[in-house]
Colleague: 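Mind having a look at this structure? Questions to follow.
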Amino acid sequence: MIIKSAEFTVSNTKISKLPPCVLPEYAFIGRSNVGKSSLINMLTGVKGLAKTSQKPGKTQLINHFLINKDWYLVDLPGYGYARSSKSNRLEWAKFIKNYLEKRESLQCVFVLVDSRLEPQKIDIEFCCYLGERGIPFILIFTKADKNGVTKAQKNMALFRKELLKYFEEIPQMLLTSAETKFGKDQVLMFIEEVNQTFEVPEIAKTEE
Ligand code: GTP
Ligand code: MG
């Protein structure tokens, strides 16, 4: 798929203020600093479209980016970075959970995982959370350039094995690098395929 346009639309914490749910959208989630915003910039080919930082906790809101005037990429704040409390590792902003559970036009969640690391409990827990609620997701392993593809694939296999403890069917797994653009076509092809199956949710029709 060729990206002809990519534009920032809106930042939000309130799901009532999101754009109407008439276009398919894909949300990026994962631990802080895993490379969600960088991947959005890599896929769209627009540097600086989504704000990135070396420090975790950069993205704080739900950010919609309209692509080819036809679908949205959604950048979300990361989990696992709590300066305040560590009481519940998955109890991060309610508005994100609300978004993930209620957004009718959300076609698939991209769970980003650092390809340099062996499976982390918080990522497995997050996959289980999505699985329990029936929210469709795939796994995107990031930073493939840092430790090399072989090491990354080894960690992907370990992740798969860990997930098999909880899932009968393992979601698709892709390997990417925002630095070298590795995996770009695969992610865009996935989106293109899912876009073709999109139907405007009933709720959006009645809102008009
Ligand atoms: P939060 O918004 O804080 O949750 O982080 P994020 O997941 O959006 O991460 P972000 O895209 O801001 O990237 C974090 C850091 O990792 C930045 O310094 C990026 O340059 C770096 N980074 C992201 N992706 C890659 C990659 O594929 N390769 C390399 N080498 N560095 C990357
Ligand atoms: Mg970010």
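Every number for a ligand or one of its atoms is a count from 1 in the order of the listing.
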Colleague: Would you say the Mg ion (ligand 2) has Thr52 as a near neighbour, meaning an N/O/S atom of that residue under 2.8 Å away?
Modeller: no
Colleague: Got a sec, which pairs hit side chain to side chain donor-acceptor pair (under 3.5 Å) with one end in residues 131-145, sequence neighbours left out?
Modeller: Glu101-Arg133, Asp145-Ser177
Colleague: Is the distance between the Mg ion (ligand 2) and the nearest N/O/S atom of Ser53 smaller than 2.8 Å?
Modeller: no
Colleague: Could you tell me which atoms of ligand 1, counted from 1 in the order shown, lie closer than 4.0 angstrom to a heavy atom of Ser177?
Modeller: 27 (O)
Colleague: Taking both backbone and side-chain atoms of Thr52, is any N or O found less than 3.5 Å from an N or O belonging to ligand 1?
Modeller: no
Colleague: If you measure from atom 24 (N) of ligand 1 to every heavy atom of Gly80, Gly57, Ser38, which option wins on shortest distance?
Modeller: Ser38
Colleague: Check whether Asp75 reaches the backbone of Lys51 with its side chain - one donor and one acceptor, N or O, closer than 3.5 Å.
Modeller: no
Colleague: Of the non-hydrogen atoms in Phe28 and Lys36, which two are nearest, and what is the gap between them?
Modeller: O-CD, 3.6 Å
Colleague: Number the atoms of ligand 1 from 1 as they appear, then name those within less than 4.0 Å of a heavy atom of Ser37, with their elements.
Modeller: 8 (O), 11 (O)
Colleague: Among all protein non-hydrogen atoms, which one is nearest to atom 16 (O) of ligand 1, and what is the separation to 0.1 Å?
Modeller: Lys143 NZ, 3.1 Å
Colleague: Identify whether the distance between the nearest side-chain nitrogen and carboxylate oxygen of Asp114 and Arg31 falls below 4.0 Å.
Modeller: no
Colleague: Is it the case that ligand 1 has an N or O less than 3.5 angstrom from some N or O of Lys146?
Modeller: no
Colleague: Does Glu7 pair with Lys69 as a salt bridge, N-O distance under 4.0 Å?
Modeller: yes
Colleague: Any nitrogen or oxygen of Ala178, side chain or backbone, less than 3.5 Å from one on ligand 1?
Modeller: yes
Colleague: Answer side chain, backbone, both or neither: which part of Met42 comes under 4.0 Å from ligand 1, heavy atoms only.
Modeller: neither
Colleague: Could you check whether Asp123 and Tyr79, counting side-chain N and O atoms only, form a donor-acceptor pair closer than 3.5 Å?
Modeller: yes
Colleague: Determine, using ring centers only, whether Tyr72 and Phe65 are less than 6.0 Å apart.
Modeller: no
Colleague: Where is the nearest protein heavy atom to atom 4 (O) of ligand 1: which residue, which atom, and how far?
Modeller: Lys36 NZ, 2.8 Å
Colleague: How far is atom 18 (O) of ligand 1 from the closest protein heavy atom, and which atom is that?
Modeller: Gln54 CG, 3.4 Å
Colleague: Pull out every atom of ligand 1 sitting under 4.0 Å from any heavy atom of Gly78, numbered as shown with elements.
Modeller: 4 (O)
Colleague: Once you restrict to heavy atoms under 4.0 Å, what part of Asp145 touches ligand 1? Side chain, backbone, both or neither.
Modeller: side chain
Colleague: Establish, from distance only, whether the side-chain atoms of Thr52 and Ser38 form a donor-acceptor pair under 3.5 Å.
Modeller: no
Colleague: At their closest point, which heavy atom of Ala50 faces which heavy atom of Asn41, and how far apart are they?
Modeller: N-OD1, 2.7 Å
Colleague: Hey, is Val34 one of the residues with a heavy atom under 4.0 angstrom from ligand 1?
Modeller: yes
Colleague: To 10 degrees, how wide is the angle OG (Ser37) to the Mg ion (ligand 2) to OG1 (Thr59)?
Modeller: 90°
Colleague: Taking heavy atoms and a distance under 4.0 Å, where does Ser53 meet ligand 1: side chain, backbone, both or neither?
Modeller: backbone
Colleague: Find the distance between CD (Gln54) and NZ (Lys58) and round it off to the nearest 0.5 Å.
Modeller: 11.5 Å
Colleague: Does the side chain of Leu43 come within less than 4.5 Å of Val187's, by heavy atoms?
Modeller: yes
Colleague: Test your reading of the structure: does Thr59 have an N or O sitting under 3.5 Å from an N or O of ligand 1?
Modeller: yes
Colleague: Evaluate the criterion side chain to side chain donor-acceptor pair (under 3.5 Å) for residue pair Asn98 and Lys94; output intermediate values, then yes/no.
Modeller: CA-CA 6 Å; Asn98 206 14; Lys94 283 214 174 74; over 6 Å; no
Colleague: Kindly assign one of parallel, tilted or perpendicular to the pair Phe110 and Tyr26, based on the angle between their ring planes and the thresholds 30° and 60°.
Modeller: parallel
Colleague: Can an N or O of Thr176 be found at a distance shorter than 3.5 Å from an N or O of ligand 1?
Modeller: no
Colleague: Does the N or O separation between Gly35 and ligand 1 drop below 3.5 Å for any pair?
Modeller: yes
Colleague: Which ligand 1 atoms, with their elements, are less than 4.0 angstrom from a heavy-atom of Pro56?
Modeller: 3 (O)
Colleague: Tell me which protein heavy atom sits closest to atom 5 (O) of ligand 1, plus the residue, atom name and distance to 0.1 Å.
Modeller: Asn33 N, 3.0 Å
